[in-house]
Amino acid sequence: MEWPDEWQELDFDLPEELIAQVPVEPADHARLMVIDRQRGSIEHDHFYNLGKYLRSGDTILYNATSVEERRVLLKHGDREHESVFLRRVDNAVPTDNKELWEVLLRKARRIRLGTVLHASRDPSYTFQLVSKGEKILLATAQPLKTKDFIRIGEMPLPPYLRRPAQEADRKNYQNFFSGQIAQKSKILGSAASPTAALHFTTGLYEKLRAQGVLFLPVCLDVGYGTFAPLQQKNFTENRLHAEHYFIPPETLRALEQCNQRRIALGTTSLRAIISYLKTGRSEGETELFLKPGDKISGVEGLITNFHLPRSSLILLVAAFCGVSLTARAYRTAVAERYRFYSYGDAMLIV
């Protein structure tokens, strides 16, 4: 796909050694780049000093989704196939007590329709390949819940980490704010982490609350499509992969009374809030594709990690921050050896 001329600044070479393979310890010791949109300034700090740049009454909107262990190795005969369970397909249950799941499945072309596959870790879990079209669908022999994925799967680390998930990733890659919504039935579970929240620790969270910073939950169940490269059809159709979002009633009520800055913790939280503001629906599927030139209102700040070049996420950041300032921030991040992607460093844009 040809990258538009006006966005050429957002295409850059990233040294591989800047891709963080593991998080810093403790998590809030990640570096923090602070960007002021009005002044066009860039400062350097650490995430544990986030409170220096916030004031009493500021509201952080965090994503409360839970990351499930959706990377599952499936066996067919003596062959093993890597899969990632993306989402349950509603209103498409083939028979009683079964579910349909949309999945990513490596080498699916080599598997015939109707083939039954078994989970490598527990062969009692079986899945039948029922579609290899635009979407790959597996029918389960039983409904799948979080406890089942714990038995048969592992954390679905991003493909750019290029390593198997480790025991430490069960904690490190899990959302700090996991499940903090009263209506937990509205959380369907994620196949990727809302990584801006990975920088939080209990100590920092309590310190910010004591400072008068408010925290409000939203939910966007993150799909693995967040890592998919952009294609021409994304621009032609002006949409991305679909993801479920939910804004709790208590969050909506609090936002109506908010008279300080609203700061989205991560691109997923921002996508959920803007989806609500554009549609007026507090729950649904969003295919929102935000790009430079799109108007973003209702949010005055964004905390986010450093993203892939030529990705939908960097375009979203540029829609909020502006192309030139975003490009300068990324050039600075490379020059200053910031750590990139899920386990990397963070930026605060105000």
Identify every side-chain donor-acceptor pair in residues 267-274 under 3.5 Å, counting partners at least two apart or on other chains, and give the distances.
residue : atom : partner : partner atom : Å
T268    : OG1  : N63     : ND2          : 3.0
S269    : OG   : L61     : O            : 3.3
S269    : OG   : N63     : N            : 3.1
S269    : OG   : L265    : O            : 3.0
R271    : NE   : L288    : O            : 3.0
R271    : NH1  : E243    : OE1          : 2.3
R271    : NH2  : H241    : O            : 3.2
R271    : NH2  : L288    : O            : 3.0

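- Other residues, nucleotides and ligands place no more than 12 heavy atoms under 6.0 Å from the CZ atom of R110.
- In summary, E16 and R162 engage in a salt bridge, as defined by a charged side-chain N under 4.0 Å from a carboxylate O.
- Side-chain N or O atoms of N175 include none that pairs as donor or acceptor with a backbone N or O of S66 at under 3.5 Å.
- Side chains of T251 and Y276: no donor on one and acceptor on the other come within 3.5 Å.
- Connectivity analysis of hydrophobic side chains (ILVMFWY, heavy atoms under 4.5 Å, direct or indirect) links L105 to V72, L74, F85, W101, V103, I111, L113, L117, Y125, F127, L129, I136, L138, L144, F149, I152.
- Looking only at distances, a side-chain donor or acceptor of N234 sits under 3.5 Å from a matching main-chain atom of R239.
- The local environment of NZ in K132 is crowded, with over 12 non-hydrogen atoms from other residues, nucleotides or ligands closer than 6.0 Å.
- Aromatic ring pairs are classed by plane angle as parallel below 30°, tilted from 30° to 60° and perpendicular above 60°; the pair F340 and F306 is tilted.
- Although no hydrogens or angles enter the test, the distance criterion places a donor-acceptor pair under 3.5 Å between the side chain of S131 and the main chain of K135.
- To the nearest 0.5 angstrom, E80 atom CD is 10.5 Å from K107 atom NZ.
- Classification of D169 and R71 as a salt-bridged pair fails, no side-chain N sitting under 4.0 Å from a carboxylate O.
- Residue H244 comes nearest to L188 through the heavy atom pair CG-CD1, 3.6 Å, listed as atom of the first residue, atom of the second, then distance.
- Using modelled atom types, one side-chain atom of D36 and one backbone atom of R39 make a donor-acceptor pair closer than 3.5 Å.
- Looking at F177, F47, Y48 one by one, the single match for ring pair (Phe, Tyr, Trp, His ring centres under 6.0 Å) with Y205 turns out to be F177.
- Put simply, the side chain of R262 gets close to the backbone of G298: a donor and an acceptor are under 3.5 Å apart.
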Legend entry - Test log, rule side-chain contact (heavy atoms from CB on, under 4.5 Å), inputs L316 and T304: CA-CA 11 Å; L316 185 153; T304 187; over 6 Å; no
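- Ring planes of Y343 and Y173: perpendicular class, angle over 60° (limits at 30 and 60°).
- Salt bridge status for R261 with E300: absent, with no side-chain N to carboxylate O gap under 4.0 Å.
- Using a 4.0 Å cut-off between charged nitrogen and carboxylate oxygen, R87 and D221 do not count as a salt-bridge pair.
- Remark: R37 is positioned above the aromatic ring of F320, its terminal NZ or CZ atom under 6.0 angstrom from the ring centre and at most 45 degrees off the axis.
- Counting non-hydrogen atoms of other residues, nucleotides and ligands closer than 6.0 Å to NZ of K291 gives a total above 12.
- Summarising the geometry, atom CD belonging to Q21 is positioned 9.5 Å from atom CG belonging to L157; distances are rounded to the nearest 0.5 Å.
- One distance of note links CG of N305 with CG of L313; it measures 10.0 Å at 0.5 Å rounding.
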Inset, instruction - Could you please spell out the steps behind the side-chain contact (heavy atoms from CB on, under 4.5 Å) verdict for Q174 and S193? - result: CA-CA 6 Å; Q174 183 58 266; S193 181; over 6 Å; no
